[in-house]
Amino acid sequence: MINYKMKLSELIQQYIPQLELKEIQDLLEIPPNTEMGDFAFPCFKLAKTLKKSPQIIAEELVNKIDIPNYVERVKNTGPYLNFFLDRKYFVQDIVQEVLKSRSKYGAQNIGDGKTICIDFSAPNIAKPFHVGHLRSTVIGNALYRIHNYLGYNCIGINHLGDWGTQFGKVIVAYKNWGVKEEIEKDPINTLLNLYVKFHDEAVNKPSLEDEAREWFVKMEAGDEEALSLWKWFSTETLKELKKIYEILGVSFDYFTGESFYNDKIDSVINELKGKSLLKESEGATLVDLDEYNMPPCLVQKKDGSTLYATRDIAAALYRKNNYDFEKCIYVTDYSQNLHFSQWFKVIELMGYTWANDLVHVPFGRVTHEGKRIQTRKGTVVLLEDVLTGAIERVKEIVEEKNPNLNNKEQVAKDVGVGAVIFNDLSNNRIKDISFSWDTAFSFEGETGPYVQYTHARACSVLKKSNQNVDADVNYDLLTDDITVDVVRLIQQFPQVILDAQRKNEPSLITRYVVDLAQAFNRFYNQHHINVEDQELKKARLAIVESSKLVIKNALDLLGIKAPEEM
RNA sequence: GUGCCCAUAGCUCAGCUGGAUAGAGCAACGGCCUUCUAAGCCGUGUGUCCGGGGUUCGAAUCCCUGUGGGCACGCCA
């Protein structure tokens with residue numbers, strides 16, 4: 001497949017040696033309207049050096065330029081030089097590439113086997129998995145898949161919130177009001193109720209908070225009772241969590257939560273001490289970051305127990321030593337921005353240059369009808385309810401529109417879950433999301449089901465064609481506007497993946513696949529595919545197959561299934 | 001108070017490291033199933049791109065400033 005941007009840049013440079021190839025490439029753009037061509041080169045930058053108006057420069061260039069075979073014509077429009085690619089050449093080039101590469105179309109090896117750690121999902125044990133946790137999970141999962149597709153060796157780590165003072169709270173609550181059998185029956189909800197009850201009671205009895213902290217001190221000291229309760233709570237909740245991951249189709253290489261680093265903390269504290277980074281303040285131990293315009297990073301409470309940051313530092317050191325990552329990505333909501341800046345700085349102060357390879361990928365918060373979701377207040381929207389609700393809704397629609405569908409259960413799951421994931425990945429990650437049942441369950445327009453439907457439709461046409469698709473077709477039949485629009489989008493896919501990786505922004509792929517689905521649906525409505533004319537049919541099938549493959553690849557990168565029928 | 005983030009159509013949002021008339025979806029109205037899945041397609045309309053300055057040949061995009069909102073700021077995670 002030709003890198004058109006590169007080729008055109010080289011071409012232009014022959015006539016404008018004043019500019020670096022890189023500059024020309026950066027300048028080359030896709031015009032806002034396809035009537036203006038496939039690529040455009042604005043001549044403003046040259047006006048000063050050439051001491052001519054950009055309009056005149058464009059005009060002179062048009063007259064000079066020697067048109068290569070893959071370009072149909074070059075036209076000047078005011079200060080712009082517009083390139084119109086040869087449609088037949090272009091469509092053939094792209095379609096042949098897609099049909100050859102198939103599920104690898106868009107894949108590249110820029111990662112060259114280098115390791116990327118992705119720390120994502122990380123729900124708190126003993127708290128329910130709500131819609132807020134979904135974002136880290138699906139964004140992290142998409143980043144994992146995107147990096148993998150680009151040749152990185154990915155390590156997905158679920159840094160479970162399974163350690164800390166909160167467990168002291170749950171232990172206190174359990175010892176006061178808990179019932180063993182209830183936890184066994186419904187661990188997450190029962191533990192949640194205990195947690196909520198703790199906070200209700202602690203309002204009137206603040207000593208409970210001290211008790212909780214004491215229990216956490218015991219946990220870190222290896223107290224048997226504390227640890228066995230903790231272990232019990234964790235295993236029970238983890239079982240529930242794994243069910244959710246199963247439904248979402250998300251997996252991890254390691255479930256090493258915060259507790260995993262318990263025995264690795266002392267050496268971190270010693271190292272910090274050895275590097276003279278620690279300071280005592282009001283009984284607590286911290287790293288002073290005043291110089292860097294940040295509040296201090298607390299590493300030990302006055303009772304000697306550790307904090308979130310301490311365990312994050314220990315985890316980073318462990319990962320660097322064991323995985324030798326090129327980059328370690330943390331996917332959390334933006335309320336943790338300061339936390340990450342602080343301990344990244346501590347790593348840097350410890351003298352590790354790889355502090356620069358630690359990347360925080362923040363995302364916006366989820367509210368429910370404008371209100372904050374708070375576990376403690378019990379105002380949660382459970383992810384499980386959202387998922388099962390979406391699946392039920394899909395079942396209703398299937399009964400209405402396609403009652404003879406074969407594997408209804410599986411399709412309902414794929415589409416319902418796909419709708420929820422797609423919805424979470426459609427906007428820029430930094431934007432807050434106001435969760436609403438209506439939008440989560442809407443399946444029209446820019447939604448997952450719309451894209452999946454487009455894919456299923458393409459599959460259906462291919463099936464009904466009763467023939468295999470091959471790339472040896474008459475490309476003269478594929479040069480109309482609507483067809484070329486589809487191919488143009490297909491051509492952009494590899495670059496979209498690169499952008500998504502560079503910016504850690506899966507929504508670029510979500511947006512892209514909607515555009516492609518729209519273009520394909522226009523093609524589908526405009527052109528009948530399984531026509532009598534065998535030559536035409538064969539040509540159009542090549543477009544359908546290519547579109548189908550790229551939609552599938554894009555959905556794969558997002559962690560969304562693409563059923564063949566729905 | 002200090003720091004960071006956000007502000008684009010009635011609603012939800014795109015708009016790449018500045019570029020040609022600012023775009024989608026939803027909602028509303030009208031059209032398209034005796035031919036490949038109507039979860040679809042086509043058509044109709046709306047904008048002080050939060051205000052004010054500045055940089056530039058050119059600003060929704062960059063800089064400054066004001067307003068409105070969000071988040072964070074020592075023993076939670």
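Note on naming: letters A, B, ... go to the chains in the order of the sequence lines (proteins, then strands), and numbering restarts at 1 for each one.
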Asks: Given B:U37, B:A77, B:C41, identify the nucleotide with an atom nearest to the side chain of A:Y450.
Replies: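 Nearest nucleotide to the side chain: B:C41.
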
Asks: Between A:Y512 and A:F493 (judged by ring centroids, cut-off 6.0 Å), do the two rings come close enough to count as a pair?
Replies: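 Ring centres of A:F493 and A:Y512 closer than 6.0 Å.
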
Asks: Contact between A:I433 and A:F363 at the side-chain level, heavy atoms closer than 4.5 Å - yes or no?
Replies: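 They are not in side-chain contact.
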
Asks: Nearest-Å distance, CG (A:L516) to C1' (B:A24)?
Replies: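 It is 15 Å, rounded to the nearest whole Å.
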
Asks: Which part of the nucleic acid does A:N293 contact within heavy-atom distance under 4.0 Å: base, sugar-phosphate only, or nothing?
Replies: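 If one applies the 4.0 Å heavy-atom cut-off, A:N293 turns out to touch nothing in the nucleic acid.
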
Asks: Return yes if some donor-acceptor pair links the side-chain N/O of A:H455 with the main-chain N/O of A:P563 below 3.5 Å, else return no.
Replies: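 Here the side-chain-to-backbone pair exists.
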
Asks: Which of residues 533-541 of chain A sit near RNA chain B, with a heavy atom under 4.0 Å from it?
Replies: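 Going residue by residue through residues 533-541 of chain A, none turns out to have a heavy atom under 4.0 Å of RNA chain B.
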
Asks: A side-chain contact here means heavy atoms from C-beta on lying under 4.5 Å apart; do A:E399 and A:K408 qualify?
Replies: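 A side-chain contact under 4.5 Å exists here.
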
Asks: Quick check for you: among B:A39, B:A24, B:G74, whose closest atom lies nearest to any side-chain atom of A:M566?
Replies: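 Closest nucleotide among those given: B:A39.
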
Asks: Which nucleotide sits closest to the side chain of A:P295: B:C73, B:C36, B:G25?
Replies: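 Minimum distance to the A:P295 side chain belongs to B:C73.
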
Asks: Would you indicate what A:E564 reaches in the nucleic acid, counting non-hydrogen atoms under 4.0 angstrom: base, sugar-phosphate, or nothing?
Replies: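 Base, at least one base heavy atom under 4.0 Å.
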
Asks: Where the side chain of A:I397 is defined as all heavy atoms beyond and including C-beta, which of B:A20, B:C41, B:A39 is the nearest nucleotide?
Replies: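 Closest nucleotide among those given: B:A39.
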
Asks: Distance check: side-chain N/O of A:N427 vs OP1/OP2 of B:C13, anything under 4.0 Å?
Replies: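 Affirmative; the distance criterion is met.
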
Asks: Determine whether the aromatic ring centres of A:H360 and A:F344 lie less than 6.0 Å apart.
Replies: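 No - the distance between ring centres of A:H360 and A:F344 does not fall below the 6.0 Å cut-off.
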
Asks: Which part of the nucleic acid, if any, lies within contact of A:S442, taking any heavy atom under 4.0 Å across all strands shown: a base, the sugar-phosphate backbone alone, or nothing?
Replies: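 Result for A:S442 = nothing.
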
Asks: When we call it a touch if two heavy atoms are under 4.0 Å apart, what does A:A122 touch: a base, just sugar-phosphate, or nothing?
Replies: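 The answer is nothing, as A:A122 stays clear of every strand by at least 4.0 Å.
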
Asks: Are any of A:T165's side-chain N or O atoms less than 4.0 Å away from OP1 or OP2 of B:C76?
Replies: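 So the side chain of A:T165 is within the cut-off, an N or O lying under 4.0 Å from OP1 or OP2 of B:C76.
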
Asks: Counting only side-chain heavy atoms from C-beta out, which of B:C16, B:U37, B:A77 sits nearest to A:R502?
Replies: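 Taking heavy atoms from C-beta onward, the closest nucleotide is B:C16.
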
Asks: Would you write the dot-bracket representation of RNA chain B, where each base gets (, ), [, ], | or . depending on whether it forms a Watson-Crick or G-U pair under 3.5 Å and with which partner?
Replies: (((((((..((((.....[...)))).(((((.......))))).....(((((..]....))))))))))))....

Asks: Categorize A:L307 for me: base, sugar-phosphate, or nothing, with a 4.0 angstrom heavy-atom threshold over every strand shown.
Replies: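 Sugar-phosphate, no base atom in range.
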
Asks: Just checking A:V496: base, sugar-phosphate only, or nothing, at a heavy-atom cut-off of under 4.0 Å?
Replies: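 It contacts nothing in the nucleic acid.
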
Asks: Run the salt-bridge test on A:D38 and A:R488 with the 4.0 Å N-O cut-off and return the result as yes or no.
Replies: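 Answer for the salt bridge query: yes.
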
Asks: Could you work out the separation of B:U37 and B:G25 based on their P atoms and round it to a whole Å?
Replies: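 Roughly 24 Å separates the two P atoms.
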
Asks: Pull out every protein N or O sitting under 3.5 Å from an N or O of nucleotides 67-71 of chain B, one pair per line with the distance.
Replies:
from: B:G70; atom 1: O2'; to: A:Y334; atom 2: OH; distance (Å): 2.9

Asks: If I take atom CD in residue A:E565 and atom C1' in nucleotide B:U37, what distance separates them, rounded to the nearest angstrom?
Replies: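 One finds 9 Å between C1' of B:U37 and CD of A:E565, rounded.
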
Asks: For A:F41 and A:F83: C-alpha separation, side-chain torsions, deciding distance, then whether ring-ring contact (aromatic ring centres under 6.0 Å, His included) applies.
Replies: CA-CA 8 Å; A:F41 181 73; A:F83 294 86; 7.8 Å; no

Asks: Using only atom types and a distance under 3.5 Å, with no angle test, would you say the side chain of A:D432 pairs donor to acceptor with the backbone of A:R365?
Replies: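 Yes; at least one donor-acceptor contact below 3.5 Å.
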
Asks: If I pick the P atom on B:C62 and the same atom on B:C26, what distance separates them, to the nearest angstrom?
Replies: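 B:C26 and B:C62 have their P atoms separated by 30 Å.
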
Asks: Of the nucleotides B:G15, B:A39, B:C41, which has the atom closest to the A:F443 side chain?
Replies: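 For A:F443, the side-chain atoms sit closest to B:A39.
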
Asks: Report yes if the distance between the aromatic ring centroids of A:Y308 and A:W163 is under 6.0 Å, otherwise no.
Replies: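 Here the rings of A:W163 and A:Y308 have centres that are no less than 6.0 Å from each other.
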
Asks: Contact class for A:M294 (heavy atom, under 4.0 Å): base, sugar-phosphate, or nothing?
Replies: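 Nothing, no nucleic acid heavy atom in range.
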
Asks: Between B:G40, B:G25, B:C16, which nucleotide gets closest to the side-chain atoms of A:R457?
Replies: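 Minimum distance to the A:R457 side chain belongs to B:G40.
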
Asks: Look at A:K464 and B:U37 and indicate whether a side-chain polar atom (N or O) is within less than 4.0 Å of OP1 or OP2.
Replies: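 So the side-chain polar atoms of A:K464 do come within 4.0 Å of the phosphate oxygens OP1 or OP2 of B:U37, strictly under.
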
Asks: Taking only N and O in the side chain of A:Y308, is any of them less than 4.0 Å away from OP1 or OP2 of B:G74?
Replies: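 No, outside the criterion.
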
Asks: Select base, sugar-phosphate, or nothing to describe what A:Q518 touches, counting heavy atoms under 4.0 Å on all strands.
Replies: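 It contacts sugar-phosphate atoms only.
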
Asks: Counting only side-chain nitrogens and oxygens, does A:K169 get under 4.0 Å of the OP1 or OP2 atom of B:C76?
Replies: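 A:K169 to B:C76 OP1/OP2: no side-chain N or O under 4.0 Å.
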
Asks: Is the backbone of A:E20 close enough, under 3.5 Å, to the side chain of A:E23 for a donor and an acceptor to pair up by distance?
Replies: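 Yes, because the side chain of A:E23 sits within donor-acceptor range (under 3.5 Å) of the backbone of A:E20.
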
Asks: Using a cut-off of 4.0 Å on non-hydrogen atoms, how would the nucleic acid contact of A:Q452 be classed: base, sugar-phosphate, or nothing?
Replies: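 The residue A:Q452 makes no contact with any strand.
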
Asks: Are the aromatic ring centres of A:F120 and A:H133 under 6.0 angstrom apart?
Replies: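 Not under 6.0 Å, so no.
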
Asks: Tell me whether A:T137 contacts the main-chain N or O of A:S121 through its side chain, where contact means a donor paired with an acceptor under 3.5 Å.
Replies: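 Looks like no, no N/O pair under 3.5 Å.
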
Asks: To the side chain of A:N525, which of B:G40, B:U37, B:C16 is closest?
Replies: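 The nucleotide sitting nearest to the side chain is B:G40.
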
Asks: If you look at every strand shown and take non-hydrogen atoms under 4.0 Å, does A:A456 touch a base, only sugar-phosphate, or nothing?
Replies: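 Base contact.
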
Asks: Regarding A:K395 and A:E409, does a basic nitrogen lie under 4.0 Å from an acidic carboxylate oxygen?
Replies: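 A salt bridge is present here (some side-chain N lies under 4.0 Å from a carboxylate O).
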
Asks: Please check the phosphate of B:A24 (OP1 and OP2 only) for any side-chain N or O of A:R511 closer than 4.0 Å.
Replies: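 For A:R511, the contact criterion (side-chain N or O under 4.0 Å from OP1 or OP2 of B:A24) is not met.
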
Asks: Starting at atom CG of A:D485, determine the distance to atom C1' of B:C42, rounded to an integer number of angstrom.
Replies: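 It is 15 Å, rounded to the nearest whole Å.
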
Asks: Please tell me if A:K431 has a side-chain N or O lying less than 4.0 Å from either OP1 or OP2 of B:U12.
Replies: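 No, A:K431 has no side-chain N/O under 4.0 Å of OP1/OP2 on B:U12.
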
Asks: Are OP1 or OP2 of B:C76 and a side-chain N or O of A:R213 less than 4.0 angstrom apart?
Replies: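 The answer is yes; a side-chain N or O of A:R213 sits under 4.0 Å from OP1 or OP2.
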
Asks: Of all heavy-atom pairs between A:F443 and A:A419, which one has the smallest distance, and what is that distance?
Replies: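 Answer, listing the atom of A:F443 first, then A:A419: CE2-CB, 3.5 Å.
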
Asks: Could you tell me whether A:G78 contacts a base, only the sugar-phosphate backbone, or nothing, with contacts defined as non-hydrogen atoms closer than 4.0 Å?
Replies: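 No contact.
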
Asks: Heavy atoms only, 4.0 Å cut-off, all strands: where does A:N82 land among base, sugar-phosphate and nothing?
Replies: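 Contact class for A:N82: base.
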
